[in-house]
Amino acid sequence: MDTIVRRMADETGLDFSHQISSLESKCSRALKDLYTHLTPFQCLTIARHPNRQTVLDHILNIKDKDKWVELHGNGTGYNDPAIVTGIGSIDGKSFMFIGYQKG
């Protein structure tokens, strides 16, 4: 929605920045209020949501392009799909990534 409004502002030459800022502020407050008053079951439902980002989603978005080598196995031939490890780089610096992937 935000990109549609921004594109419309660019095409028409009208300034919607104040309205966009106001809507973004209202949205931020509404989300904060929503997440502040969740029941334990609602928290669990969000944590297990199938579209929730995983550690691999985050790693693949922050690392340098084509600079990621995922490591597999624990030395005895077993690979736990719930644990993600690998070596990658961010801004030319190498890092070891270890995270819990939904299994």
Side-chain angles (χ1 to χ4, degrees):
M1 179 69 170
D2 182 41
T3 56
I4 294 170
V5 174
R6 290 185 193 279
R7 189 171 3 117
M8 190 168 65
D10 291 340
E11 290 172 358
T12 62
L14 299 173
D15 182 16
F16 293 111
S17 59
H18 179 69
Q19 291 88 342
I20 291 171
S21 295
S22 175
L23 290 172
E24 288 174 339
S25 178
K26 286 180 185 178
C27 180
S28 179
R29 285 193 307 271
L31 280 174
K32 184 177 179 180
D33 184 53
L34 174 71
Y35 282 99
T36 301
H37 298 97
L38 291 176
T39 66
F41 180 73
Q42 289 170 324
C43 288
L44 182 66
T45 302
I46 290 170
R48 293 184 175 170
H49 192 280
N51 293 334
R52 183 174 183 215
Q53 288 188 328
T54 64
V55 70
L56 271 177
D57 294 327
H58 292 291
I59 290 170
L60 297 175
N61 283 322
I62 63 171
K63 60 130 180 101
D64 291 340
K65 188 177 176 94
D66 302 324
K67 301 282 184 170
W68 165 251
V69 177
E70 187 172 350
L71 305 175
H72 295 276
N74 65 359
T76 62
Y78 178 71
N79 184 40
D80 185 353
I83 305 297
V84 174
T85 59
I87 301 170
S89 66
I90 301 172
D91 296 330
K93 295 181 182 178
S94 294
F95 292 90
M96 179 72 183
F97 294 89
I98 303 172
Y100 176 75
Q101 179 82 359
K102 292 188 295 190

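Worth saying up front: this structure is predicted, and the values here are computed from it rather than measured. Both backbone and side-chain heavy atoms feed into the values below; hydrogens, waters and symmetry mates do not.
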Separation between CD (Glu24) and CZ (Arg29), nearest 0.5 Å, reads 12.0 Å
Between the NZ atom in Lys67 and the CG atom in Asp91, the distance rounded to the nearest 0.5 Å is 12.5 Å
Report yes if the side chains of Ile90 and Phe97 come closer than 4.5 Å at any heavy-atom pair, otherwise no. yes
- Indicate if Ile87 and Ile98 have the same hydrophobic cluster label, given that clusters are the connected sets of ILVMFWY residues with side-chain heavy-atom separations under 4.5 angstrom. yes
Exercise for review: Any chance you could lay out the side chain to side chain contact (heavy atoms under 4.5 Å, CB included) test for Ile83 and Tyr100, step after step, and finish with the verdict?
Suggested key: CA-CA 5 Å; Ile83 305 297; Tyr100 176 75; 4.1 Å; yes
Would the distance check show the side chain of [X] and the main-chain N or O of [Y] forming a donor-acceptor pair, the cut-off being under 3.5 Å?
X      : Y     : result
Thr45  : Phe41 : yes
Gln101 : Leu56 : yes
Ser89  : Gly92 : no

Show the nearest heavy-atom pair for residues [X] and [Y], with the distance to one decimal.
X     : Y     : answer
Lys93 : Phe95 : O-CD1, 3.2 Å
Ile46 : Arg52 : O-CD, 3.6 Å
Leu38 : Cys43 : CB-SG, 3.8 Å

Classify the side-chain pair Asp33/Thr36 by whether it contains a donor and acceptor separated by less than 3.5 Å. no
Paired with Val84, the side chain to side chain contact (heavy atoms under 4.5 Å, CB included) test is passed by just one of His58, His72, Glu70, namely Glu70
